Amino acid sequence: QVQLVESGGGLVQAGGSLRLSCAASRNIFRMGWYRQAPGKQRELVAKITSGGSSNYADSVKGRFTISRDNAKNTVYLQMNSLKPEDTAVYYCNAENGWGAEYWGQGTQVTISS
């Protein structure tokens, strides 16, 4: 059982930045962020392992950076050069190496043009 607590969502003008945070109740192997816009499927944004290996969706490469503080069981998503198409509900995700998966409640990110 893992609880995920998210923060950092909000309303930002295009070209601006936001930083999302997600704190887990205990350490877990892989953490990341997904997003879901109205009428669209949930999609991967970025993931990072406890060892620091990361991957990103092509649409956010060069603009977003995922990082984590293992001592605090917290993952971050720094989002720069935001675009209106980044508007979505962003969900924190955590997985162990055996297939167990956990989700945060989601935080709204809205980018105005």
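If you're wondering where the values come from, they're calculated on a predicted model, not measured in any experiment.
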**Q** Answer whether the closest heavy-atom distance between the side chains of Trp33 and Val75 falls below 4.5 Å.
**A**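 In contact.
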**Q** To the nearest 0.5 Å, how far apart are CZ in Arg68 and OG in Ser21?
**A**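 Between atom CZ of Arg68 and atom OG of Ser21 there are 13.5 Å.
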**Q** Tyr91 vs Gln36, test: side-chain contact (heavy atoms from CB on, under 4.5 Å). Steps then yes/no.
**A** CA-CA 8 Å; Tyr91 296 92; Gln36 187 167 24; 4.2 Å; yes
**Q** In sequence, state the C-alpha distance, the side-chain angles, and the governing distance for Arg63 and Met79, and then conclude on side-chain contact (heavy atoms from CB on, under 4.5 Å).
**A** CA-CA 6 Å; Arg63 299 189 298 121; Met79 304 186 293; over 6 Å; no
**Q** Kindly compute the distance separating CG (Asn80) from OG (Ser17), expressed to the nearest 0.5 Å.
**A**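 Reported to 0.5 Å precision, the distance equals 3.5 Å.
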**Q** Look at the side-chain heavy atoms of Ile, Leu, Val, Met, Phe, Trp and Tyr, link any pair under 4.5 Å apart, and say whether Phe64 and Val89 land in one connected group.
**A**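 In one cluster with Phe64: Val89, no.
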**Q** If we only count heavy atoms from C-beta on, is the Ile66 to Tyr76 side-chain gap below 4.5 Å?
**A**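 No; the side chains remain at least 4.5 Å from each other.
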**Q** I need the Asn55 CG to Lys47 NZ distance, nearest 0.5 Å.
**A**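 Answer for the CG-NZ pair, Asn55 versus Lys47, is 7.0 Å.
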**Q** Are there more than 12 heavy atoms of other residues, nucleotides or ligands under 6.0 Å from atom CD of Gln3?
**A**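 No, because the 6.0 Å sphere around CD of Gln3 holds 12 heavy atoms or fewer from other groups.
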**Q** Where do Ile28 and Ala94 come nearest, in terms of heavy atoms and distance?
**A**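 Closest heavy-atom pair between Ile28 and Ala94: CG2-CB, 3.6 Å.
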**Q** Please round to the nearest 0.5 Å and tell me the distance separating atom OG1 of Thr65 and atom CD1 of Ile48.
**A**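 Thr65 OG1 to Ile48 CD1: 10.0 Å, rounded to 0.5 Å.
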**Q** Looking only at heavy atoms, which two atoms of Arg35 and Ser59 are closest? And how far apart?
**A**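 For Arg35 versus Ser59, the nearest heavy atoms are NH2-OG, 3.4 Å.
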**Q** Take atom CD of Glu85 as the centre, draw a 6.0 Å sphere, and report whether it contains more than 12 heavy atoms from other residues, nucleotides or ligands.
**A**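 Count over threshold, so yes.
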**Q** Evaluate Tyr56 against Val45 for side-chain contact (heavy atoms from CB on, under 4.5 Å), listing each step before the verdict.
**A** CA-CA 6 Å; Tyr56 298 85; Val45 178; 6.0 Å; no
**Q** Under a 3.5 Å cutoff, is there a donor and acceptor pairing between the side chains of Ser50 and Asn70?
**A**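 The answer is no; no qualifying pair exists.
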**Q** Quick check: do Glu101 and Asn93 have side-chain heavy atoms less than 4.5 Å from each other?
**A**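 Yes, close enough: below the 4.5 Å cut-off.
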**Q** Determine whether Lys83 and Ile111 satisfy the following criterion, side-chain contact (heavy atoms from CB on, under 4.5 Å), listing intermediate values before the conclusion.
**A** CA-CA 6 Å; Lys83 305 175 181 179; Ile111 313 302; 5.6 Å; no
**Q** Can you tell me how far apart CG (Leu77) and CG (Leu18) are? Round to the nearest 0.5 Å.
**A**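 Reported value, rounded in 0.5 Å steps: 9.5 Å.
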**Q** Does one side chain, of Gln108 or Thr110, offer a donor that lies under 3.5 Å from an acceptor on the other?
**A**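 Indeed, the side chains of Gln108 and Thr110 share at least one donor-acceptor pair under 3.5 Å.
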**Q** Do you know which two heavy atoms are closest between Ser113 and Ala14, and how far apart they sit?
**A**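 Of all heavy-atom pairs spanning Ser113 and Ala14, the closest is CA-CB, 4.4 Å.
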**Q** Is there side-chain contact between Val109 and Leu20, with heavy atoms separated by less than 4.5 Å?
**A**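 Yes, side chains in contact.
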**Q** Does any non-hydrogen side-chain atom of Cys92 lie less than 4.5 Å from one of Met31?
**A**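 Touching, per the 4.5 Å side-chain cut-off.
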**Q** Looking at Asp58 and Lys61, does any basic side-chain N land under 4.0 Å from a carboxylate oxygen?
**A**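 Yes, this pair counts.
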**Q** Would you please indicate if the ring centroids of Trp103 and Tyr34 are separated by under 6.0 Å?
**A**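 Between Trp103 and Tyr34, the centre distance is under 6.0 Å.
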